[in-house]
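Inspection log for the structure reproduced underneath, given as structure tokens.
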Amino acid sequence: MAREFTQKDIEIFNKLAPELQGNIISPQGHQYLFLMRPVSHRLARSSEDFKERLLRLTDDELEYLVDLALKAQEDIRGLDEDMYTFFEVIDERVPHRLAVLKDFLGIMG
């Protein structure tokens with residue numbers, strides 16, 4: 001069962017994917033399960049584009065995404081190579097959260 005997006009989730013998703021104009025339903029007809037994965041896999045043209053989208057978010061919103069990841073409500077490993085782009089943005093903007101996230105994911109360094 002998909003989690004219900006909160007108003008905050010929808011606001012973040014709209015910042016990450018403004019071209020969807022608030023549509024949180026996938027082309028297959030179900031609500032997206034995560035905020036970042038559809039942006040990474042379907043919308044961002046490159047890791048640089050994905051990074052630019054992440055940089056639209058406030059520090060509080062980035063911390064919120066980390067919190068979702070720590071509750072297993074955001075799939076960081078599913079971002080594939082964009083996982084490292086996410087780490088880069090977290091390290092730049094909210095560096096105190098990176099070690100906790102990497103530890104949770106079992107990633108050294």
Side-chain angles (χ1 to χ4, degrees):
M1 182 76 151
R3 73 178 178 92
E4 287 291 317
F5 279 12
T6 65
Q7 186 60 41
K8 186 170 189 163
D9 294 333
I10 293 168
E11 290 168 10
I12 290 171
F13 191 74
N14 287 337
K15 283 185 176 182
L16 294 172
E19 63 268 46
L20 294 182
Q21 300 176 342
N23 182 16
I24 61 171
I25 305 300
S26 76
Q28 292 77 26
H30 58 79
Q31 178 189 306
Y32 289 114
L33 299 175
F34 305 105
L35 297 169
M36 292 189 291
R37 194 165 66 187
V39 175
S40 170
H41 289 226
R42 297 181 185 269
L43 302 172
R45 297 178 308 279
S46 64
S47 288
E48 186 58 38
D49 181 28
F50 184 64
K51 181 177 181 179
E52 289 173 13
R53 291 167 184 267
L54 289 172
L55 290 173
R56 296 174 188 163
L57 303 178
T58 66
D59 291 355
D60 287 342
E61 290 167 334
L62 290 168
E63 288 200 62
Y64 177 75
L65 289 176
V66 172
D67 289 339
L68 288 178
L70 295 174
K71 293 187 254 178
Q73 293 180 339
E74 189 62 38
D75 182 17
I76 303 303
R77 287 192 181 276
L79 298 175
D80 301 326
E81 68 274 356
D82 283 335
M83 173 178 73
Y84 298 102
T85 302
F86 182 64
F87 290 165
E88 183 181 328
V89 170
I90 295 303
D91 192 37
E92 289 173 11
R93 299 273 299 281
V94 286
H96 62 281
R97 300 303 306 273
L98 185 59
V100 174
L101 179 59
K102 283 184 167 183
D103 184 56
F104 176 77
L105 296 170
I107 296 173
M108 304 299 286

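What you are looking at is a predicted structure, and each value in this text was computed from that prediction instead of being measured. What you see below is based on every heavy atom in this structure, not just the backbone, and it leaves out hydrogens, waters and symmetry mates.
A salt bridge links D49 to R53: at least one charged side-chain nitrogen sits closer than 4.0 Å to a carboxylate oxygen. For D82 and R37, the salt-bridge test fails: no basic side-chain N is under 4.0 Å from an acidic carboxylate O.
In terms of heavy atoms, Q31 sits closest to F5 at NE2-CD1, 3.1 Å. Residues L101 and F87 share a closest heavy-atom pair of CD2-CE2, 3.8 Å. When all heavy atoms of S47 and E81 are compared, the pair lying nearest together is OG-CG, 4.0 Å. Closest heavy-atom contact between N23 and F13: O-CE2, 3.5 Å.
Atom OG1 of T58 and atom CD of E63 lie 9.0 Å apart (nearest 0.5 Å). To the nearest 0.5 Å, atoms CG (L65) and CZ (F34) are separated by 12.5 Å. Taking CZ from R97 and OH from Y64, the interatomic distance works out to 13.0 Å, rounded to the nearest 0.5 Å. For the atom pair I24 CD1 and H30 NE2, the distance stands at 12.0 Å (nearest 0.5 Å). In this structure, CG in L62 is found 8.0 Å from CD1 in I12, a value given to the nearest 0.5 Å. To the nearest 0.5 Å, atom CG of residue L16 and atom CZ of residue F50 are 7.0 Å apart.
Within the 4.5 Å cutoff, the side chain of V89 has no heavy atoms near those of the L57 side chain. Looking at L54 and E88, their side chains never come closer than 4.5 Å, going by heavy atoms from C-beta outward. Residues V94 and H96 are in side-chain contact: their nearest non-hydrogen atoms beyond the backbone lie under 4.5 Å apart. Within the 4.5 Å cutoff, no side-chain heavy atoms of D9 are placed close to those of E4.
The environment of CD in Q21 is sparse: at most 12 heavy-atom neighbours from other residues, nucleotides or ligands sit within 6.0 Å. Residue F104 qualifies as enclosed at atom CZ: its count of foreign heavy atoms under 6.0 Å is above 12.
With 3.5 Å as the limit, one finds a donor-acceptor pair spanning the side chains of Q28 and S26.
Judged by distance alone, the side chain of E74 and the main-chain N or O of M36 form a donor-acceptor pair under 3.5 Å. Looking at H41, its side chain does come within 3.5 Å of a backbone N or O of G78 through a donor-acceptor pair.
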side-chain contact (heavy atoms from CB on, under 4.5 Å) between V66 and I90, worked out: CA-CA 9 Å; V66 172; I90 295 303; 3.7 Å; yes
Let me see the working for D75 and L33 under side-chain contact (heavy atoms from CB on, under 4.5 Å), right down to the final yes or no. CA-CA 9 Å; D75 182 17; L33 299 175; over 6 Å; no
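Checked against E61 for a side chain to side chain donor-acceptor pair (under 3.5 Å), the options R56, K15, K8 give a single hit: K15.
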